[in-house]
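Below you'll find the structure, written out as structure tokens, and then a few comments.
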Amino acid sequence: MSEQRTIRLIVTRQDDPDSRPYQEEFRIPYRQNMNVISAFMEIQRNPVNAAGEKVRPIQWESNCLEEVCGACSMVINGRPRQACSALIDKLEQPIRISPMNTFPVIRDLIVDRGRMFDALKRVKAWIPIDGSHDLGPGPRQSQEESDWRYELSKCMTCGVCLQACPNVNNSSDFMGPFIVGQVNLFNAHPTGALNKDERTSALIGEGGLQECGNSQNCVQACPKGIPLTTSIAIMNRESTRFVLKKWLSF
Amino acid sequence: MNEKCIIVGGGLAGLMATIKAAELGANIELFSIVPVKRSHSVCAQGGINGAVNTKGEGDSPWEHFDDTIYGGDFLANQPPVKAMCEAAPGIIYLMDRMGVPFTRTPEGLIDFRRFGGTKHHRTAFAGATTGQQLLYALDEQVRRYETEGKVTKYEHWEFLGIIQDDEGRCRGIVAQNLRGGEIRSFLADAVILATGGPGIIFGKTTNSMINTGTAASAVYQQGVTYANGEFIQVHPTAIPGDDKLRLMSESARGEGGRIWTYKDGKPWYFLEEMYPEYGNLVPRDIATRAIFKVCVDDKLGINGENMVYLDLSHKDPKELDRKLGGIIEIYEKFIGEDPHKVPMRIFPAVHYSMGGMWVDFNQMTNIPGLFAAGECEYQYHGANRLGANSLLSCIYGGMVTAPNALAYIRGLDKHVDSFAPDFGESQRKDREDQYEQLLNMEGTENAYLIHKELGEWMTDNVTVVRHNDRLLKTDEKIQELIERYQKIDMIDTSRWSNQAVPFTRQLWNMLQLARVITLGAYNRNESRGAHYKPDFPDRNDEDWLKTTLASFTPDGPKFDYESVDVSLIKPRPRRYDVAKKGAANS
């Protein structure tokens, strides 16, 4: 091939939380096995836009580059996903990239996902152990129990399910689909089950399960294939039981 | 009394230290450049070692200890390694109680699999994303302490350096908020660094983007001794990529995966042939050199390229999904082929640093009050780390460091809260001035291109096979890059969420540490563990059974050596073609 192939990227940029977003186009020399991240790295080495103007390189978050850390979520050709596993060869061009704007934008593609970590605090997403001293092994668990919890435990807090969910928006305070899976994860553990009502109660509190509109976008968007809608069904049953129990105990 | 402790880094070591310190009543300020849940520990795949001996194989912590010392080619000081192996079963049980979804046996017990450098099933695992699952469990416990007010997190903050008092004791840190840009001092009587390895010095590796070694290098330049820097582990099985080299866990071989290439038109299982006793489960340095030899010297890589097969296609697909799902998914996503059906194509990649900050048996560096735990220190792996020992050494390191740090604080005559109100301000101001200088750099060089060049030189000359002439040339190259660094053009001068200036600051630290690694390798004229020189092919205990100690000077690293504590297991030749003779259990 005589002509150098190029990749076209159209990136939605924003200088800071208060400024207006704008689009900028980049043309990058093509190499084999590139992903969206390596295209961005090329811009760092040569920060020039398609018009030939020197610009500030794109700001984005990424870390592991193998889809386990959850850092590099963004919207690529209309779909929220991890940028590291977005292979250039599989994307239609021009590739349009924008931040997951269901979260506050910090700069360019960087968003503030702090609300997700706050939600984990609200639902007490942990096993309350007595202490880290040596108390022997934990409770025995069947392969099935453990495998089910492992599926739920792959959640990287990446935020893709919140971006995909129509019920996470300005007029709702829904904590997001991921949190349902997390409550399910801890309630399904033999020790975690001892105080599952605390978590269930938090899950049906403000911004909880009742905000879910059952669009089922989350389960399709989740990069880890976490069974979120199954979890939502399980937690719906568990909260009904919880509410009845509370009502009967009056 | 509520001691205050600063912990930098939120991977396994930092989070475990945080939990221990919080349990002991301390108040902790925890710093991390990324949300701690995104730390590099998430990338660990295969598992965590502990001689729980539930398979009727007669395994024991002593056997684990002996495998680790032998696997590390006798370069590790032995008492701390023994203590770690003894603590290992308890650590696995603790993680189990925290809810880690370990893969189970039919009886409901934690399952164990084999790993390199041992004959025992000693590795507990959660599919093939064990590091992620362990990290999440610790992250959850830390979050619990956060809600109780014992832990304050500073995420998206970068550690810039320590603050020392007139006696040279560490009394706090200077850190920068990577969003707003403000540079602040934080005071405490003890600081624990748990900041991970320096892999990114080698450019494309199996490491995460944050593993630049910048924190360790910053304190090295402040006087911390850096030990065994030349011992860099190159993992035998990674998949080449344009942005990084993605790890394919050793557990693939632990579960029966075989390495081969074509020779004379037929599959050649060269590890099984060369090392009949351990076969595909030789330690990483051995497997890497064999693959390197087959591809580079014998030109027998797949289609003449630098690649061989890692084959799982003969295994039961359901079992593969349960035990190795995580890595199979990575291969499918990034390469587009199905390892259930076709062999994976792999090649070695820089993976781990055995070397790191020198620490004493209490995990304290040579600067009083500054402690280190996890990959950033040098203590547990000698000249080569065994697979699945890193998650153990990180958690164990964090576990013992925090109580030691608090004991140190309690033993002090005066505490930092009694110091003058402006204590630390001048050291903070220095870092701020440095930032302003970086922000205003005008020139012709691009920091990211200098880094690329550094990585290529380091990977070509300071990894699997080392020659003294090339090591010297590499050091000259690094010095040239240090000169060119002065001419960097700052490509982003914004004061809000600027990534270019912090990267440029990290690049300086990478260049300094690169010299420690390269010259340490140049000086060590022997072959031991991951350090291999064809001109000096044998281990030389008489001259080189000693720890390399590098200290910073403005003219480059100065090297000293100290003897290794081999008080428990007498050094013996290390071979994997025949069965290991066990050391006498004293």
Side-chain angles (χ1 to χ4, degrees), chain A residues 15-16 31-35 37-38 41 44-47 54 56-57 59 61-71 84-85 87 106-107 110 113 117 120-121 124-129 131-132 134-138 140-143 145-147 149-150 153-154 156-157 185-186 189 191-192, chain B residues 19-20 23 34-35 37-40 42-43 90 93-94 96-99 101-110 126-127 129 132-133 136-137 140-141 143-144 146-147 179 208-210 240-244 246-247 322 326 330 333-334 399 446 448-449 452 491-494 496-497 499-500:
Chain A
D15 293 340
D16 59 60
R31 287 188 307 270
Q32 273 192 331
N33 295 325
M34 282 182 95
N35 57 8
I37 304 277
S38 58
M41 287 174 169
Q44 290 178 322
R45 295 178 196 126
N46 181 26
K54 215 170 144 183
R56 296 191 287 220
Q59 306 283 307
E61 284 185 330
S62 64
N63 194 26
C64 76
L65 307 184
E66 54 193 48
E67 219 181 57
V68 282
C69 81
C84 64
S85 59
L87 307 181
I106 302 272
R107 187 178 165 188
I110 303 176
R113 285 171 281 191
F117 296 103
L120 290 171
K121 288 181 195 160
K124 301 185 196 305
W126 53 76
I127 304 289
I129 59 167
S132 69
D134 197 351
L135 290 171
R140 284 197 189 196
Q141 288 164 66
S142 69
Q143 281 179 358
E145 276 176 283
S146 193
D147 289 352
R149 292 193 63 252
Y150 180 47
S153 190
K154 289 175 184 168
M156 339 180 259
T157 328
L185 167 69
F186 295 99
H189 186 271
T191 312
Chain B
I19 291 167
K20 277 287 176 191
E23 256 179 17
V34 293
K37 200 175 176 181
R38 310 201 195 286
S39 301
H40 179 60
V42 291
C43 287
Y93 286 152
L94 169 63
D96 184 31
R97 285 172 42 230
M98 287 180 187
F102 283 118
T103 304
R104 301 273 156 179
T105 69
E107 197 176 323
L109 300 173
I110 298 172
T129 60
Q132 180 195 44
Q133 294 305 314
Y136 288 2
E140 289 147 11
Q141 298 298 322
R143 188 165 291 107
R144 184 181 169 202
E146 210 184 345
T147 60
R179 287 179 171 170
S208 295
M209 309 270 287
I210 56 173
D242 190 60
D243 53 337
K244 88 168 288 193
R246 295 180 174 85
L247 178 68
R322 263 194 75 219
I330 289 176
K333 275 197 178 159
F334 289 94
M399 225 171 197
N446 175 297
Y448 295 93
L449 283 172
K452 188 163 178 265
I491 52 177
D492 189 345
T493 52
S494 157
W496 171 253
S497 185
Q499 294 177 328

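Keep in mind it's a predicted model, so treat the numbers as computed, not measured. All values below come from the heavy atoms of this structure, side chains included, with hydrogens, waters and symmetry mates left out. Each chain gets a letter, A, B and so on, in the order its sequence line appears, and its residues count up from 1.
Remark: B:Tyr448 pairs with B:Phe503 by the ring pair (Phe, Tyr, Trp, His ring centres under 6.0 Å) rule, at least two apart or across chains. With sequence neighbours left out, B:Lys37 forms a salt bridge (Lys or Arg N to Asp or Glu O under 4.0 Å) with no residue at all.
The main-chain N or O of B:Ser208 is never found under 3.5 Å from a side-chain atom of A:Asn63 such that the two would form a donor-acceptor pair. Looking only at distances, a side-chain donor or acceptor of B:Gln133 sits under 3.5 Å from a matching main-chain atom of A:Ser153.
No other option in B:Ile110, B:Val34, B:Ile19, B:Thr129 has as many heavy-atom pairs under 4.5 Å with chain A as B:Thr129. Among the candidates A:Pro47, A:Ser146, A:Gly192, the residue making the largest number of heavy-atom pairs closer than 4.5 Å to chain B is A:Ser146. With chain B as the partner, the residue from A:Asp134, A:Ile127, A:Leu65, A:Val68 showing the most heavy-atom pairs under 4.5 Å is A:Leu65. In terms of heavy-atom pairs under 4.5 angstrom with chain A, the leader among B:Ala137, B:Ala500, B:Pro106 is B:Pro106. Heavy-atom pairs under 4.5 Å with chain A were tallied for B:Lys452, B:Glu146, B:Arg38, B:Gln499; the largest tally goes to B:Arg38. Residue with the most contacts toward chain A among B:Cys43, B:Gly326, B:Pro240, B:Gly241: B:Cys43 (heavy-atom pairs, distance under 4.5 Å). Ranked by heavy-atom pairs under 4.5 Å with chain B, the list A:Gly138, A:Ser38, A:Cys69, A:Pro137 is led by A:Pro137. No other option in B:Gln132, B:Gln141, B:Arg143, B:Arg144 has as many heavy-atom pairs under 4.5 Å with chain A as B:Arg144. Heavy-atom pairs under 4.5 Å with chain B peak, among A:Thr157, A:Asn33, A:Thr191, A:Leu185, at A:Thr157. With chain A as partner, the option from B:Met98, B:Lys244, B:Met399 having the largest number of non-hydrogen pairs under 4.5 angstrom is B:Lys244. Ranking A:Gln32, A:Lys124, A:Lys154 against chain B, the residue ahead of the rest is A:Lys154, based on heavy-atom pairs under 4.5 Å.
Only the side chain of A:Met41 comes within contact range of chain B, judged by heavy atoms closer than 4.5 Å. When heavy atoms are compared at a cutoff of 4.5 Å, B:Thr147 approaches chain A solely by way of its side chain, counted from C-beta outward. Looking at A:Asp16, the atoms closer than 4.5 Å to chain B (heavy atoms on both sides) sit in the backbone and in the side chain alike. Both the backbone and the side chain of A:Ile129 come within contact range of chain B, each with at least one heavy atom under 4.5 Å from a heavy atom of that chain. Only the side chain of B:Arg179 has a heavy atom closer than 4.5 Å to any heavy atom of chain A. The contact between A:Arg31 and chain B is made entirely by side chain atoms (from C-beta outward), counting heavy-atom distances below 4.5 Å. In this structure, the portion of B:Pro35 lying under 4.5 Å from any heavy atom of chain A is its side chain and not its backbone. For B:Glu23, the part sitting under 4.5 Å from any heavy atom of chain A is the side chain, from C-beta outward, and nothing else. For B:Glu107, the parts sitting under 4.5 Å from any heavy atom of chain A are the backbone and the side chain alike. For A:Ile110, the part lying under 4.5 angstrom from a heavy atom of chain B is the side chain only. For A:Glu145, no part lies under 4.5 angstrom from a heavy atom of chain B. Heavy-atom distances place the side chain of A:Asn35, and not its backbone, under 4.5 Å from chain B. For a residue to count as touching a neighbouring chain, one of its non-hydrogen atoms must lie under 4.5 Å from one of that chain's; by this rule B:Ile330 touches chain A with the side chain only. Within the 4.5 angstrom heavy-atom criterion, atoms from both the backbone and the side chain of B:Asp492 approach chain A. Looking at A:Ala71, the atoms closer than 4.5 Å to chain B (heavy atoms on both sides) sit in the backbone and in the side chain alike. For A:Phe117, the parts sitting under 4.5 Å from any heavy atom of chain B are the backbone and the side chain alike. Interface remark: A:Ser132 contributes backbone and side-chain atoms alike to the contact with chain B (heavy atom separation under 4.5 Å). For chain B, the nearby parts of A:Ile106 are the backbone and the side chain; heavy atoms of each come within less than 4.5 Å. Heavy atoms closer than 4.5 Å to chain B are found in the side chain of A:Lys54, but not in its backbone.
Ion pair A:Glu66/B:Lys333 not flagged as a salt bridge, since none of the NZ, NE, NH1 or NH2 atoms sits closer than 4.0 Å to an Asp/Glu carboxylate oxygen.
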Self-check item: Residue pair B:Asp96, B:Arg104: steps toward the salt bridge (charged side-chain N to carboxylate O under 4.0 Å, His left out) verdict
Solution: CA-CA 11 Å; B:Asp96 184 31; B:Arg104 301 273 156 179; 2.6 Å; yes
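In this structure, a donor-acceptor pair under 3.5 Å is absent between the side chains of B:Thr103 and A:Tyr150. Counted by atom type alone, B:Tyr136 and B:Glu140 present zero donor-acceptor pairs between their side chains at under 3.5 Å.
For the atom pair CD of A:Gln141 and OG1 of B:Thr105, the computed distance is 11.5 Å after rounding to the nearest 0.5 Å. We find the CD-OG distance between A:Glu67 and A:Ser62 to be 13.0 Å, quoted to the nearest 0.5 Å. How far CG of B:Asn446 is from CG of A:Asn46: 8.0 Å, rounded to the nearest 0.5 Å. Once rounded to the nearest 0.5 Å, the distance linking OG of B:Ser497 with CD of A:Glu61 reads 8.0 Å. Atom CZ of B:Phe102 sits about 11.5 Å away from atom CZ of A:Arg149, to the nearest 0.5 Å.
In this structure, the side chains of B:Ser494 and A:Arg107 come closer than 4.5 Å at one or more pairs of heavy atoms.
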